[in-house]
Amino acid sequence: MADKLSGIERELVLQYLIDGNVPVTLTPFSKEGEATDDETQIQSVPSQIFPIAIKGENIKVAKNGMIYLENPSQSVIKFAGQNVKVEFYFNRVGLFFISEVYENKKGLYIKVPSEIDRIADTIEHTDYDFSAIIYYECKTRRDMTQMCIPHPEIELFTRPAWKIIKLENQKNAKKLLEQFVEEAKNEKNAGNGIQLVPVCKYLTENVSGQLQALEGRVNPHSILYVDHDRLVIGMESKNCTYFVNDEYGIKMVFTLKNSPILSRDVYVMGIVNKIYRSFDGNFSAVDFKYTNIQEEDLRFLYEKATSTLLI
């Protein structure tokens, strides 16, 4: 459920918008149950729609709560008459409201509604069946605590199928796959390549420009694929501090029998084998290939990933 601001908090935020050049992002929004351009479909914000950032100097907020959009781009002008989700930061806290973009002789404007919500925190403190921590950088001998958690739409320890990629993204995903396969042929370092399916899903389905609950926080990396040979993780490129051939210490944590008491830790050393990028460069997937792993851990990971015994 959304966390709404109180009346006093709303007034403080409104004054903040009036006083400062606050950048905002606009995203087309269809309320649940509201018809879209195709009246046979009912949907929320389409995943393929990108937020549009507007600089603070291009908006002016009046005391009556009207946000005037000055010199709007063509992509923003198209929002006239539509509902949009307006997002911005207030003292590093992500806030949003839903409103319509109106048009008059002076241009475009948006009304700040009576209700403003906090952006929901997408990081849940959950005990995962599997997680990982990148804890050591070998080159600089630097200790780290970079948390990695499973991607919510990717099932680990099962052979990835093309159908996990959303239909509207499969065309772009295929282009990326063809590019990565060609690179793999030349570099001969992708193994059997099955990890490329979740990599293509991640790199074509993420949207840049979305605000978070707290400004500037680095989220856990997303685990896209894991087996007895490699671990693949995804993150925004601005948070990708890894380089090909650099080596890291990785701790993988398995919770056994759905009990937080029974767990198994697997420690490996992994070298950055490949870094994959999205078309726009905003997202990256890092392929770690194990360079040092205990034999019993190799057996454990192999049998978990393939459901067959390692002989």
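Closest heavy-atom contact between Ile165 and Cys200: CD1-CB, 4.3 Å. For the pair Thr27 and Pro51, the tightest heavy-atom approach, listed with the atom from each and the gap, is OG1-CB, 3.4 Å. Contact between Tyr290 and Leu301 at its shortest, heavy atoms only, is CE1-CD1, 4.1 Å. Here the closest non-hydrogen pair linking Phe88 and Pro23 is CB-O, 3.6 Å. Considering every non-hydrogen atom in both Gly270 and Phe288, the closest pair reads O-CD2, 4.0 Å. Here the closest non-hydrogen pair linking Val76 and Pro72 is CG1-CB, 3.9 Å.
Taking Lys174 as the reference, Glu178 meet the side-chain hydrogen bond (donor to acceptor under 3.5 Å, both in side chains) condition, with sequence neighbours excluded.
Put simply, the side chain of Ser99 gets close to the backbone of Lys111: a donor and an acceptor are under 3.5 Å apart. Counting only distance, with no hydrogens or angles, the side chain of Thr291 and the backbone of Met269 share a donor-acceptor pair below 3.5 Å. At least one donor-acceptor pair under 3.5 Å links the side chain of Ser278 to the backbone N or O of Phe283. Under a 3.5 Å cut-off, the side chain of Arg299 and the backbone N or O of Gln294 do not form any donor-acceptor pair.
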Passes side-chain contact (heavy atoms from CB on, under 4.5 Å), Tyr136 versus Asp143? Steps please.
-> CA-CA 5 Å; Tyr136 186 70; Asp143 291 329; 3.5 Å; yes
Under the salt bridge (Lys or Arg N to Asp or Glu O under 4.0 Å) criterion, do Arg118 and Glu9 qualify, and how do the steps go?
-> CA-CA 11 Å; Arg118 292 179 177 85; Glu9 289 173 325; 3.0 Å; yes
Candidate pair Ile194 and Arg159, rule side-chain contact (heavy atoms from CB on, under 4.5 Å), full reasoning = CA-CA 7 Å; Ile194 61 174; Arg159 189 177 182 86; 3.3 Å; yes
List the steps, then state whether side-chain contact (heavy atoms from CB on, under 4.5 Å) holds for Arg277 with Leu203.
-> CA-CA 7 Å; Arg277 308 285 189 189; Leu203 296 180; 5.7 Å; no
Verdict with reasoning, Ser237 to Ser284, per side chain to side chain donor-acceptor pair (under 3.5 Å) = CA-CA 5 Å; Ser237 293; Ser284 299; 2.7 Å; yes
Might you work through the side-chain contact (heavy atoms from CB on, under 4.5 Å) test for Leu95 and Asp117, ending with a clear yes or no?
-> CA-CA 6 Å; Leu95 302 176; Asp117 298 88; over 6 Å; no
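Classification of the Phe157-Phe254 ring pair by plane angle, with boundaries at 30° and 60°, yields tilted.
When side chains are defined from C-beta on, Asn273 counts as touching Arg230, because their heavy atoms get closer than 4.5 Å. Counting heavy atoms from C-beta on, the side chains of Tyr135 and Tyr267 come closer than 4.5 Å. Residues Ile223 and Ile149 form no side-chain contact, since every pair of their non-hydrogen atoms from C-beta on lies 4.5 Å or further apart. Taking the side chain as every heavy atom from C-beta outward, Asn292 and Val268 never approach each other to under 4.5 Å. Contact annotation: the side chain of Tyr276 never approaches that of Leu176 to less than 4.5 Å [non-hydrogen atoms, C-beta and beyond]. Proximity of Met235 to Val286: side-chain heavy atoms (C-beta onward) are separated by under 4.5 Å at one or more points. With a 4.5 Å cut-off on side-chain heavy atoms, Tyr109 and Asn104 count as touching. Annotation: side chain of Asp227 is not in contact with side chain of Thr306 (no heavy-atom distance under 4.5 Å).
Exactly one residue among Arg264, Lys251, Lys304 makes a salt bridge (Lys or Arg N to Asp or Glu O under 4.0 Å) with Asp297. That residue is Arg264. Only one option out of Val232, Leu224, Leu177 pairs with Leu196 in a side chain to side chain contact (heavy atoms under 4.5 Å, CB included); it is Leu177.
Cluster membership for Tyr102 and Val86, using ILVMFWY side-chain heavy atoms within less than 4.5 angstrom, is not shared. Linking ILVMFWY residues whenever their side-chain heavy atoms come closer than 4.5 Å, directly or via other members, places Ile154 and Phe130 in the same cluster. Leu298 and Ile271 sit in two unconnected hydrophobic clusters of ILVMFWY residues. Membership requires side-chain heavy atoms under 4.5 Å apart, directly or through other members. No continuous path of hydrophobic side-chain contacts links Val93 to Leu12 [ILVMFWY only; heavy atoms under 4.5 Å]. One hydrophobic cluster holds both Ile275 and Val199 under the rule that ILVMFWY side chains link at heavy-atom gaps under 4.5 Å.
Judged purely by distance below 3.5 Å, without hydrogens or angles, the side chains of Glu183 and Gln179 pair a donor atom with an acceptor atom. Under 3.5 Å, the side chains of Thr158 and Glu155 contain no donor-acceptor pair of N or O atoms.
Taking the six-membered ring for Trp and the full ring otherwise, the centers of Tyr242 and His221 sit less than 6.0 Å from each other.
Atom CD of Gln170 sits about 9.0 Å away from atom CD of Glu205, to the nearest 0.5 Å. A distance of 14.0 Å separates NZ of Lys238 from OG1 of Thr241, quoted to the nearest 0.5 Å. Expressed to the nearest 0.5 Å, how far CD1 of Ile18 lies from CE of Met66 amounts to 12.0 Å. For the atom pair Leu14 CG and Phe90 CZ, the distance stands at 11.0 Å (nearest 0.5 Å). Summarising the geometry, atom CD1 belonging to Ile67 is positioned 5.5 Å from atom CG belonging to Leu17; distances are rounded to the nearest 0.5 Å. Atoms CD and CG, from Glu236 and Asn206 in turn, are 8.0 Å apart once rounded to the nearest 0.5 Å.
Judged by the 6.0 Å and 45° rule, Lys85 forms no cation-pi pair with Phe29.
Ion pairing of Glu153 with Lys201 is present here, as a side-chain N (NZ or NE/NH1/NH2) and a carboxylate O approach within less than 4.0 Å. Contact check on Asp287 versus Lys274 returns no salt bridge, with no Lys/Arg side-chain nitrogen under 4.0 Å from an Asp/Glu carboxylate oxygen.
Applying the side chain to side chain donor-acceptor pair (under 3.5 Å) definition to pairs two or more places apart or across chains, none involves residues 61-71.
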